[in-house]
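Encoded as structure tokens, the structure appears first; notes follow it.
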Amino acid sequence: MSQVSETSARHVAIIMDGNGRWAKRRALPRAMGHKRGVEAVRTLVRSLQGTGVECLTLYAFSSENWKRPEEEVSDLMNLMRNFIRSDLDEFVENGVRLKIVGDWRALAPDIVEMLEDALERTANGSHTVAVALNYGSQQEIAAAARAAAAEGEITPEAIERHLFTADLPPVDLLIRTSGEVRLSNFLLWQMAYAEMLFVDTLWPDFTPEHLQAALDDFATRERRFGGR
Ligand code: FPP
């Protein structure tokens with residue numbers, strides 16, 4: 001079976017890196033970089049309609065990010081609270097279906113409650129914005145393999161059914177900002193055949209035009225999925 005030249009990316013995943021450096025270059029506190037990072041998220045989510053992107057998955061907080069100083073963790077959690085408070089109505093109006101991937105039920109109880117409400121209110125949206133929170137891909141795969149084993153069959157399909165992303169298409173395009181070239185335990189299974197794009201732009205400076213340029217680049221790539 002030949003499966004070549006899918007030209008539009010249905011599922012785009014982004015590692016939003018460089019908030020700290022953005023702030024440092026301006027002699028601002030790191031928290032300001034994260035705050036501007038949230039604004040970049042907001043602008044990007046607003047721009048999705050018409051791009052063909054059905055799902056955007058954003059790496060907001062990894063299971064390893066708990067190692068950051070307490071103050072930074074708390075800033076990030078507060079940004080999350082404020083983001084849900086301020087943007088939820090707009091998500092609902094614009095047909096965004098919010099999804100959370102990761103062990104989000106281990107977050108602070110008030111955040112869990114806000115997220116439950118947000119998931120319920122956006123459940124009928126037409127395109128998905130998945131936010132990875134307290135997420136680690138190796139942990140996700142191990143848990144999915146355990147669940148598959150408990151059902152008696154450890155096949156790729158069985159594992160896939162137990163991933164957080166079971167209802168999403170595979171990742172077509174990964175973008176990482178800030179010039180770093182690594183995957184940082186993000187969607188390792190889901191990116192088996194993803195195209196990857198590493199850009200120097202720091203996350204707070206990433207605009208819908210950058211996303212469009214990435215989608216244009218993706219459209220030129222020949223995908224073979226192991227075939228020829
Ligand atoms: C990486 O920058 C960024 C993060 C660890 C957090 C990403 C979070 C946001 C953009 C805000 C929260 C998102 C939502 C959806 C509300 P870094 O701090 O590692 O930057 P550096 O490598 O330059 O220090």
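Just the heavy atoms: all of them, side chains too, but no hydrogens, waters or symmetry mates, feed the values below. In each ligand, atom 1 is the first atom listed, and ligand 1 is the first ligand listed.
Here's the thing with Trp203: none of its N/O atoms is less than 3.5 angstrom from an N/O atom of ligand 1.
Closest approach of Gly33 and Pro204 over heavy atoms only: O-CG, 3.7 Å.
For ligand 1, the atoms sitting less than 4.0 Å from at least one non-hydrogen atom of Ala60 are 6 (C), 7 (C), 8 (C), 13 (C), numbered in the order shown with element in parentheses. Close approach to Gly20 involves these atoms of ligand 1, each under 4.0 Å from a residue heavy atom: 17 (P), 18 (O), 20 (O), 21 (P), 23 (O), 24 (O). Taking every heavy atom of Phe83 and a limit of under 4.0 angstrom, the matching atoms of ligand 1 come to 16 (C).
Residues Asn19 and His34 bring a donor and an acceptor atom of their side chains to less than 3.5 Å of each other. Between Thr122 and Arg97, the side chains place no donor N or O within less than 3.5 Å of an acceptor N or O (distance only, hydrogens not considered).
In this structure, the protein non-hydrogen atom closest to atom 1 (C) of ligand 1 is Met16 O, 3.1 Å. At the shortest separation from atom 9 (C) of ligand 1 among protein heavy atoms lies Asn19 ND2, 3.8 Å. In terms of protein heavy-atom proximity, atom 22 (O) of ligand 1 is nearest to Arg21 NH2, 2.9 Å.
Considering only heavy atoms from C-beta on, His11 stays 4.5 Å or farther from Gln190 through its side chain. By the 4.5 Å heavy-atom criterion applied to side chains, Leu88 and Arg121 are counted as neighbours.
In summary, the aromatic rings of Tyr135 and Trp104 are positioned with their centroids too far apart to meet the 6.0 Å limit.
Residue nearest to atom 11 (C) of ligand 1, selected from Val38, Asp87, Val73: Val38 (by heavy-atom distance). With Met80, Lys35, His34, Arg30 as candidates, the residue nearest to atom 14 (C) of ligand 1 on a non-hydrogen basis is Met80. In the candidate list Arg68, Arg25, Arg81, Arg68 is nearest to atom 5 (C) of ligand 1, counting heavy atoms.
Residue Gly18 places a heavy atom less than 4.0 Å from ligand 1. Contact analysis puts Asp17 in contact with ligand 1, with a non-hydrogen atom separation below 4.0 angstrom.
With respect to the salt-bridge test (charged N to carboxylate O, under 4.0 angstrom), the residues Glu39 and Arg36 qualify.
Shown here is Gln138, whose CD atom has no more than 12 heavy atoms of other residues, nucleotides or ligands within 6.0 Å.
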